[in-house]
Structures are given as C-alpha cells and as structure tokens.
**Q** 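Handing you this structure, nothing more for now.
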Amino acid sequence: MAKPDDDIPFFGDEEPRPAPASGGIAARAMAARGADRPAVAYLDGLNPEQTEAIETIEGPVLVLAGAGTGKTRVLTTRIAHIISTGRAWPSQILAVTFTNKAAREMKERIGFLVGQAVEGMPWLGTFHSIGVKLLRRHGELVGLRSDFTILDTDDVIRLVKQLIRAEGLDDKRWPARQFAHMIDGWKNKGLGPADIPEGDARAFANGKGRELYTAYQERLKTLNACDFGDLLLHPIRVFREHPDVLKEYHAKFRYILVDEYQDTNTAQYMWLRLLAQRPEAARGKDGGTGGVNICCVGDDDQSIYGWRGADVDNILRFEKDFPGARVIRLERNYRSTAHILGAAGHLIANNEGRLGKTLFTESEDPDAEPVNVHAAWDSEEEARAVGEEIEQLERDGHSLSDMAILVRASFQMREFEDRFVTLGLNYRVVGGPRFYERLEIRDAMAYLRVVAQPSDDLAFERIVNTPKRGLGEATVRQVHDYARARDMPMLQAAGELVQTDEIKAKPRKSLGDVVSDFRRWRDLMDSTKHTDLAEQILEESGYTEMWQNDRSAEAPGRLENLKELIRSMEEFESLPAFLEHIALVMDTDRNEQMDAVNLMTLHSAKGLEFETVFLPGWEEGLFPHQRALDEGGRSGLEEERRLAYVGLTRAKRRVHVWFVSNRRIHGMWQSTLPSRFLDELPEDHVSVAEMETSYGGYGRNHSGGPYGTSRFDRMGTSADPFTNAYETPGWKRAQKNRTDATRTNWGTRSGHAVERIAYGESGPAGRTIEGELVAKSTSDTPSEFSLGERVFHMKFGNGNIAAIEGNKLTIDFDKAGRKRVLDGFVERT
DNA sequence: AACGATCACCAACTC
DNA sequence: GGTGATCGTT
C-alpha cells in the first residue's frame, strides 16, 4: 500500500509499527492478532450485529441503528478496524457527520482505539467542513479564490435585503429572510438559479425570484464568498465538471462512512454519490467487491430535519442506489429501561413508512420507573415543578449533569432559566443562543474579517460606523455606489474616494482614518501574533472604548465576551484559521465540566443521553408544532412524532413529560390542549403523576396569594375539554386524579370561578377550545366586554379594559401594567 | 447624523 | 420577551 502524500507517519503492513499509545485498545488488538476470534480486543463485548457491521468492510453497508444501540461505537470501531488491519491509511478514510459535536466525539473515540493515528484523519468532519477543505483546494474551478469567506445566515439576509432594494422592490412586502430561506431550500435540493422550478421562481417578488437568485450568486462571487449551501454545491460542480479531480478523490477515499444518514439532504446525497459511485466499479474492474466501500449509519425513526431539506428517502432507497448492499439492523438497546423503550416504541409505531425496528433490552430492572406524565396550569408552574423535581433528585444523590430538559422550541427555555436562577441551580444551555451570535462578537469579528479579507464588504459595512464616526447612511451609500460602479471592494473604494473632494470634509476625515487603520492592521498581520493584533484592533478602533463608556447593564458582560473571544483565538494558529472555525463551528464548549442541569432543544439533544429527562410543553400547537403541521401535513406530524421519540429515547432511567393548560405565546395567554402524543403512550409504561407528588405545597401557597385562585380547578370541571378528545384509560385516570385532588384540596368555590374564566360567559359548551390557538378560532366572535370595564384576571389581578380587538383585550392592570389577553381569561368584577 | 421612544413582527435548528 | 425598523427630536 502506497503511502499518501498527506499522511502522517503510521503503521502499515510492511513498516515497523511505532510504539502504540499505552493502554490503547489498538495496542492490545495488535498484540492479540492471530488468535482466534475475537481476533482483536476492540471487538470484545460487541454483539453479533455490531460485529457484522464492523467487519463487513468491503462493499456498501447500511446500518440501521436504533437509539442507544451503540451506533457511535460501531462507527468508531469500524474505522479503527480499517486502520488497524492496514486496509487504508487514516487519510484515506472519509468520515462525515452532521454536527461538529459528533465529529469531535468520533475523533476522540477513535483516538482511544488507535491512538495518534486519528490525527492523520483530515477527512473526518461535517459535510460543510469537508466542503471547505475541498474548496480551498479547488475553488478556483468555480471562481473562488482560496481565501474565500463563509457567510452566516445573518450576512446572507443583509445581502439579500440589499439586492431586493437594488431591484427597486419593497423589502417589507418581500422579506429578505424569506428569500434567504428559499435560496437555502433550493441549495439543499442541489438547484442553482437555472435549475429552480418555474413556479418557485415566480412565487417571489413578482416573478423575479430567479433573477434575484442569479444576482445573489453574482454578488457572492464578487465578494469571494460562500454561503453554507455553496459549501456543498460548489464541490458538486467541481466533481461534475472536472472528472480528473473527481478521479483523484475516488482513488483517495478508499472507505467512506456517513453518520446520521437519515438526515442527508439531496445535495449531500448527490455529493456522496459522486464520491461513492465510481465508474470503474460499475464496470466491474475493481476486484469484484463492487468497489464502493461506503457505510451509512442511520435511523429512519430519528429523522428530524425534514424541514431543512433532509430527505428520508435517501435512507429508504439505499439498497437501490447501492445494489448488493448489506443491511444490518441494530435493535439491542443498551441505554434505556424497558418502560422507556416500551413507551417510545408504542409512540413511533403510529408512523407509517418506516423501515421498521423494534428496540429491546435485556437488562431487567425491577425498580424502573414508568414514564411519568404531569399536568400544570401554566408554563411558569411547569418550570417551578420541574425545578422542584430536580432539587429532589439532587438531594437523593443524583448529579445535575445527568439530567436534561428537552424543549420543543427555544423560547420555552427562558422560563426554566428564570426559575433556575431564582433557585440558584446550575444549568447549562446546550446549543442555545450562541456566543458568536452576540452583537459584540459579531462586530469584533467584522473588524477581523475586513483585516483578513479586505474585500469583505458585508463586514466592512457593519463596522464602518461602529463606534460612531459620523459616517451615516449618506456617506456609506456613496462608498457603496462608487464600489459597485467600479466593481471593487468598498474598502478600496473608500480609499479612492477620500482622495477626491466628492465627500464632505468631516466624513472624509473619519473615512480616511478608517481606511488607513485597516491598511496598518493588514500590514501587521504577518508580523504580529493574531491574538495581539486582534486586541490592538479592538483597542485602536475605539470599539472596546465604546463599551467601556457604555453604562448599560450589559456592557461589562460584553467586554467580558470580547476578552473571551481573544482567549478563544489562542488555540488557532492564524487569523484566517480562526475565522473559518467560527464560521463553521458555532459552538463554544465552555463549562463542560461543571455539574449543571442541561437545557436544550429536542433537536440538539439527538445523540445524547441522560439518566433523567424532562420533556415539558407537550401541547397541541407547540408539540406537535403548529408550523410543522401546517407546512408538512401528515409527514410533518410524523416528523414531530419522531422528535418525541428522540426525546423519550434520550433517557436512561427516568422520563417526566409535562403539559400545561395555558401558555403565553407572542405575549398572549392562550389555552392549550394536551398533545396527541400523550395519548399515544401505552398505559402499561406510563404513570400519571399523583397530585401530592408533584403539586403539593406550592399550589397551596399560591391559593393564598394575591390573586386568590387555585390554578388546578379548571381541570376538575365536568366540561373539561380534555374529556372528549382523550378517552384512553390512562387519561381517564389522569382526569380522576385531578378531579379528586381539586375537590379535596380546594373545594368548589374557586372551581366555579375558574370555570368561567376558562370559558367566558357563553358557558362551557358554547366555546370549544380548538386545540392550538383560541385566538384564531374565535377571532370572529366579538368580545362581550366593553371599553373601560373593570375586569379580573387570575394571573394579573384587577384592571380596566383599554382596548378591544375581536376577542383580544388590552387591559391596564393595577399591578401588572398593560397586557394583552384573551377575553376568555378575564371576568367582570 | 445621532439618539430615544414607539411599533410591528417574530420565535423549529444545523452548518 | 426581544429585535430591528421607523419616526420625531435635537
């Protein structure tokens, strides 16, 4: 086997092996070579299916790996196996993942198996980071210089907005965000401006869709920039238009592995096919093995990215694409209790079009808890109750890091955060609002981008007048127009303009200063350490000073973040390397070692596991998400169900599902119905929480509070909206529990009051609460209240009606101030 | 040109 | 609840 040029020293069959890393499994594996099976130690402890998935090295393989069945172990061991048996150099293995986290984890675990050799795997990464690597080499074939920049969604939207305005269109009527989203969708499908369907092209901006898309691509080219979609599309173009280049990679990548195959979109699929389907293999000249050594690992039940273009069909049609493919199912679960698996399996069985797997576990745990379902009045109480449960678990000796709260939508996080702050409970937001998205970080990055890449107009425009330098809209536009007219970067245009007298004296001076600043910084780039340079730039530009003079509450935090930014640059060797990292790797994993509760969305929970999982917000409209239902119809619902499945299967031992009766959405309180998914959980594996375990104490406290009313009363009413829709035995038991608890604890007086609050004066039968949005379903009905009327709201207390819009009331509350609420939630006093 | 106040609109998630 | 856009003011 010839050693590839870009490989690092490692062992091959003919070469002496370096001393293996001590304790490395590979070391033991090599020592054990020649013995009977398991021939190598790293295959110890694997079940037969896993072993098959690892040892079937030649030819196409699809591994259908259910949740918790050792998917990552199979992938990493397979790679270790390929390397250890000398079938390929580390650099000859292409291993793609979707997230940086997955790539990082895989790299770490391969490191445990093969030691140093993992450092020789340059082609282990996300689709996008590998795309960047390809384009740095071959970008010129599609008109990109090798120092191109990568635009994030924010940049894209700003750019699209400029283009929409340049076309003389109203950017209100045709929102840039929407068009950016459309472009992204086209790119996910592998469509360039010429390829998009006529209907799509006409759908936006009076038929100017295609024109705009073309203009957008043109603009990217002049900016020497790529958006995320281009990181996939450009390599595809290179491969298609330059067979010699493709051939080079065919020879290079002897083994291809794909993680989370069910999440590949069409462009990624095209990309993979180009690399995996070799013409010589098709002609049968490749040693009879079929030649396509591709191994895709995935789980159709965990496909949750349909809305961003992932195509489940990719996994469903694998066998057609790669004839002779071996399909291996991993169904033995090593993570969860039988209760959790039972609940998840029963839920997901409601989906059609599955490849079909049934997870099982062999561990028998007599103490295992069923899945717990809880009800709460509103999201605030939900957060409080979850907080209590967490504290109880903590007192029982569980560590916070073993618990996670998985929400459907990120806005749900705030209430938990608020609660945890009050409790002094450590928490960690995983994948939440990211560091790089912060205003000050983006500003600082813009400075660095202009220095590293003077043609980066988007970055230039962002900071040309930040801090304020007296360069207003008028001046910036002048520079912009000058640049566009001469097809040059704005920085250069600014440099030329200040030589002329086209600009008034004041802005001319500041613009000149900016230009010479950037010139100076740029000259320093080669001679100064990038961290020092960054510090110098922030200092000399007046940017840090701007925040030092800012007396707002956030300013100190922002300065802290800027320091953090400089610190995080340390580990990169150069400014460009750092900028690329930021563009692609948007997470900073700080505080990983702290013991803290994990808070994240269901999407970002995929691939993780926790002892205890809290799943709040199981309500119609939120989960399943209304938008998924509206846009995706049945398949949208199925995707939501898979998301629920992902949530449940994250748990090893305990699951607590919550739903609330009232949730505030867009600042308005809305009544909600429990999610249909609750109904799809099997009774055998579910227990509906008894009142005293989850509601005791604090509910009572509130009944004595300023607003007087207990919050659970509504549930005990005979007209309970849940009754009709939810007939399962488990559900009835839940009703019964609620009823009993209500009656015993709080009596009926407030029950009556709340009943009216919940249904308004028209009575329970008249106004059906229509699941997701009461506001929508009843907006035609004029409100029965009148202006100035004195009303009572159970959360906000007494107030006067200031305005009426259908059934939405604007009320000036005595204590809570002005709020907008639905009329169903207030009563006359 | 800069600033502060008010308003409209939005809020799945990843690279 | 937060943000960006817009308007009126200096």
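So that the names make sense, note that chain A is the first sequence line, chain B the second, and so on, each numbered from 1.
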**Q** Select base, sugar-phosphate, or nothing to describe what A628(A) touches, counting heavy atoms under 4.0 Å on all strands.
**A** base
**Q** Y305(A) has a side chain; which of dT14(B), dC15(B), dA12(B) sits nearest to it?
**A** dT14(B)
**Q** Grab the CG-P distance between D184(A) and dA12(B) for me, whole Å please.
**A** 15 Å
**Q** What is the distance, rounded to the nearest whole Å, between atom NE2 of H603(A) and atom P of dC15(B)?
**A**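 My rounded result for the distance is 13 Å.
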**Q** Counting heavy atoms from C-beta on, name the nucleotide in dA12(B), dA1(B), dT14(B) closest to the side chain of S604(A).
**A** dT14(B)
**Q** Of the options dC15(B), dG1(C), dA12(B), whose atoms approach the side-chain atoms of R414(A) most closely?
**A**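 Looking only at heavy atoms from C-beta outward on R414(A), the closest nucleotide is dG1(C).
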**Q** Over all strands shown, is K161(A) touching base, sugar-phosphate only, or nothing at heavy-atom distances under 4.0 angstrom?
**A** sugar-phosphate
**Q** Just the rounded figure in Å: distance from P of dC15(B) to CG of L232(A).
**A**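 That distance rounds to 13 Å.
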**Q** Rounded to whole angstroms, how far apart are NZ on K506(A) and C1' on dA1(B)?
**A**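 Value for this atom pair: 9 Å.
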**Q** When all nucleic acid strands are considered with a 4.0 Å heavy-atom cut-off, which category describes E639(A): base, sugar-phosphate, or nothing?
**A**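 Nothing, no heavy atom under 4.0 Å.
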**Q** For the pair D230(A) and R237(A), find out whether any cationic side-chain nitrogen is under 4.0 Å from an anionic carboxylate oxygen.
**A**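 Salt bridge flag = no for R237(A) with D230(A).
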**Q** Should the pair D184(A)-K187(A) be classified as a salt bridge under the 4.0 Å nitrogen-to-oxygen rule?
**A** no
**Q** How many Å lie between CG on N549(A) and P on dC3(B), as a whole number?
**A** 12 Å
**Q** Counting N and O atoms only, with roles assigned by atom type, does the side chain of N351(A) sit under 3.5 Å from a partner on the main chain of E638(A), one being a donor and the other an acceptor?
**A** yes
**Q** Among the nucleotides dA2(B), dG1(C), dC15(B), which one has an atom lying closest to any side-chain atom of K468(A)?
**A**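 The answer is dA2(B).
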**Q** F179(A) vs W186(A) aromatic rings, parallel, tilted or perpendicular, using cut-offs 30° and 60°?
**A**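 Answer is perpendicular, since the angle exceeds 60°.
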**Q** In this structure, how many angstroms lie between the P atom of dC10(B) and the CZ atom of R664(A), rounded?
**A**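 Checked: the CZ to P distance equals 19 Å.
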**Q** Starting from P on dC9(B), measure out to CD on Q178(A) and report it in whole angstrom.
**A** 14 Å
**Q** Side chain of A474(A) only, please: which of dC15(B), dA1(B), dA12(B) is the nearest?
**A** dA1(B)
**Q** With a non-hydrogen cut-off below 4.0 angstrom, is N465(A) in contact with a base, only sugar-phosphate, or nothing?
**A** sugar-phosphate
**Q** Between dT14(B) atom P and D227(A) atom CG, what is the distance in whole Å?
**A**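 Checked: the CG to P distance equals 18 Å.
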**Q** Between L471(A) and R408(A), who's closer to the 5' end of DNA chain B by nearest nucleotide?
**A** L471(A)
**Q** Indicate whether OP1 or OP2 belonging to dA1(B) is found under 4.0 Å from a side-chain N or O atom of T475(A).
**A**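 So the side-chain polar atoms of T475(A) do come within 4.0 Å of the phosphate oxygens OP1 or OP2 of dA1(B), strictly under.
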**Q** Look at the aromatic rings of H581(A) and F572(A) and report parallel, tilted or perpendicular, splitting at 30° and 60°.
**A** tilted
